[in-house]
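Whatever order the structure lists ligands and atoms in, that order sets their numbers, starting from 1. Reckoned from all heavy atoms, side chains included, excluding hydrogens, waters and symmetry mates. Being a predicted model, the structure only gives us computed values, none of them experimental.
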Amino acid sequence: MAKANSSDFHVLMFSWFAIGHMTPFLHLANKLAEKGHRITFVLPRKAVSQLEHLNLYPDFISFHPVTVPSVTGLPPGAETASDIPIFLSHFLSIAMDRTRDQVENVISSVKPNLVLYDTAHWIPEIAKPLGIKTVCYNVVCAAAIAIVLVPARNATRERPITAAELAVPPPGYPSSSVVLRSHEGQSLLFVTNPFGEGLTFYERITKAMKNCDAISMRTCHEIEAKLCDYIGSQYEKPVLLTGPVLPEESKSVLDERWGRWLAGFEPGSVVYCAFGSQFIFEKPQFQELLLGFELTGLPFFVALKPPLEAATIEEALPEGFEERVKGRGVVWGGWVQQPLVLAHPSVGCFVSHCGFGSMWESLMSDCQIVLFPQLGDQILNTRLMADELKVAVEVKREENGWLSKENLREAIKSVMDKDSEVGKLAKENHKKWRDTINPEFTNDYIDKFIQRMHELVE
Ligand SMILES: C[C@@H]1O[C@@H](OC[C@H]2O[C@@H](Oc3cc4c(O)cc(O)cc4[o+]c3-c3ccc(O)c(O)c3)[C@H](O)[C@@H](O)[C@@H]2O)[C@H](O)[C@H](O)[C@H]1O
Ligand SMILES: O=c1ccn([C@@H]2O[C@H](COP(=O)(O)OP(=O)(O)O[C@H]3OC[C@@H](O)[C@H](O)[C@H]3O)[C@@H](O)[C@H]2O)c(=O)[nH]1
C-alpha cells in the first residue's frame, strides 16, 4: 500500500453486531473524519437507521449495510445483540461470519489503507493478501482481555477453563486489585463455550488478536497502562490506544417529554438507571430493583427492557408500585438518549451495569455513580471505577449474587446523602478524573493513534 496522508487515508470498520461495539467504533470514525480521513463503516442493514444520528461527518463516513442472513437458533429479523437475549449471542456470531463474502466484496472494491475490526477474526485472511493492514480494536477494558483472553490461559475446547482456574489471574497478570472475587470466575466460564461455528469465544478473540498487525483498545495509560503492556507482550504486537474517544457535545436535544419531566425536579436530585443495549432482567430482580428506587424516596428515571417473563413494562411492575411512585418515578421500556439524560442538570446519580460505553459516559458526567455489573467485563469495569479510581460505589450482593432493594437503597443513599463521607470522596475523585480527561487529553490520544496508524501502513 502506498504512503497516505489524512485526505487519502481510507479506513474500513467492521465491529461486532452490538450497539455497545458499533457506537464506540462510530465515535472513533467521527474523530478520524474530523481530521480528514475517509471511513467505510460496514454494519447490519437495520443498524444504519439506529446509528445514523451519531454520524457527524456524513461526507467522510459512508455506511455500507450488509444483509444479516437468517440462522437456525436466531429469531427471524434479528440483526444485532439488542434483538436477542444474551445466551443467543453464539448464533449471532454465526450470522456475522456468514456475511464474510459481502465484507470481502466491500474490502476488495474500496481497497482501504487499513481495516479496524474486533470479533470477525477472519478479517486478516481477507486483508493480508490484498496488502491491507489490520487493527483489532477492542472496546472492552484491557483488564477483561488480560485476565482471560490471552495466550497464557491456553484454553481449548478439549480442556475448557474452570471457575477455579479463573479465580487466579494468568501468569504475569500485572494487577492485584483489578481481579475477580472468588465466586466471580463463574461469569467468565462462557469463554470456552462455542461462539460461532467450530470455535469458542476464547479461540475467536485470541485468533482475532494474533492475526492482526496491531492491537488497539479504547482505554488510556493513565488507567490501564500495565494491563495494556501485558496484552502487548502476550501477543507480541504493537498496542495503539485511542483513549476514551468521547463524542463532542451532541447537537441533538433531549426528547421534549423527558426534558420537561426532568426539569420538574431540583438540580442533581434525580436517579437515572439503565443497563445498556443487551441486558434483560428476570422479573423478580427487575421488581426488586424498582422497589429499591421506591425505598430511596428520590425521584427516578429507569430505562430498561421489559424483564424476561413480560412483554411490557406495565405488566412487570410490582403490585401498587405505579400509584405509590406517581409523580416522582418513571419506568420506560424503550431507548433513551443516555448521554443527554446524563447531561441534564436535574440528574444527579447514574445506576448502571457498567458496560464499557456507559462507564466512560458516567466518568465524563457530573453524576454520582452506582454500579451493579452483570456480565464478566462489566465486573472488571466496576473494579476499575470503584476500587482503582474510587469514583463509584458497587451495590452489595446477597450471598446468591442477587440484588436486594435494601442494598440498592444503601448504595444510592451513600452517594446522594449530602453529608455522606463516601459520597463526598467519590465526588472529589470523580471531579479529578473528569478534569484529567479533558478535550485536550482525548485529542492528544487521537493524534497519537492517527500517527501510529499512518506509520503502520507506511
Ligand atoms: C454465549 C454468551 O456469550 C457472552 O456474550 C458475549 C458478549 O461478549 C462481549 O464481549 C466481551 C465480553 C467479555 C467478558 O464478558 C469478560 C471478559 O473477561 C472479556 C470479554 O471480552 C469481550 C470482548 C473482547 C474483545 C473483543 O474484541 C470483543 O469483541 C469482545 C460483547 O461486548 C457482548 O456484546 C457479547 O454479547 C455472554 O456473556 C454469555 O454469558 C454467553 O451466554
Ligand atoms: O437506553 C439507552 C441504553 C443505552 N444507550 C447507549 O448504548 C450504549 C451501551 O453501551 P454499553 O457499553 O454501556 O453497554 P452494552 O451492554 O450495550 O454493551 C456491550 O458492549 C460493551 C461491553 O462492555 C458490555 O459488557 C456489552 O454488554 C451506551 O453508549 C449508551 O449511552 C442509550 O443511548 N440509551
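Salt bridge present: Arg181 and Asp387 bring a charged side-chain N and a carboxylate O closer than 4.0 Å.
Atom 18 (O) of ligand 1 has its closest protein heavy atom at Ala144 O, 2.8 Å. In terms of protein heavy-atom proximity, atom 35 (C) of ligand 1 is closest to Trp16 NE1, 3.7 Å. Residue, atom and distance of the protein heavy atom nearest to atom 34 (O) of ligand 1 are Gln278 OE1, 2.5 Å. Looking only at heavy atoms of the protein, atom 2 (C) of ligand 1 is closest to Ile86 O, 3.9 Å.
Every N/O-N/O distance between Gly334 and ligand 2 stays at or above 3.5 Å. Considering backbone and side-chain N/O atoms, His90 never comes within less than 3.5 Å of an N/O atom of ligand 1.
Ligand 2 lies within reach of Pro339, whose nearest heavy atom is under 4.0 Å from it. A heavy-atom separation below 4.0 Å is found between Trp335 and ligand 2. Under a 4.0 Å heavy-atom criterion, Asn138 is in contact with ligand 1.
For Thr382 and Glu394, the side-chain atoms include no donor-acceptor pair closer than 3.5 Å. With 3.5 Å as the limit, one finds a donor-acceptor pair spanning the side chains of Glu222 and Tyr445.
Per-atom contact check: atom 14 (C) of ligand 1 touches the protein, criterion being a heavy-atom distance below 4.0 Å.
Aromatic ring centres of Phe301 and Trp332 lie farther apart than the 6.0 Å criterion allows.
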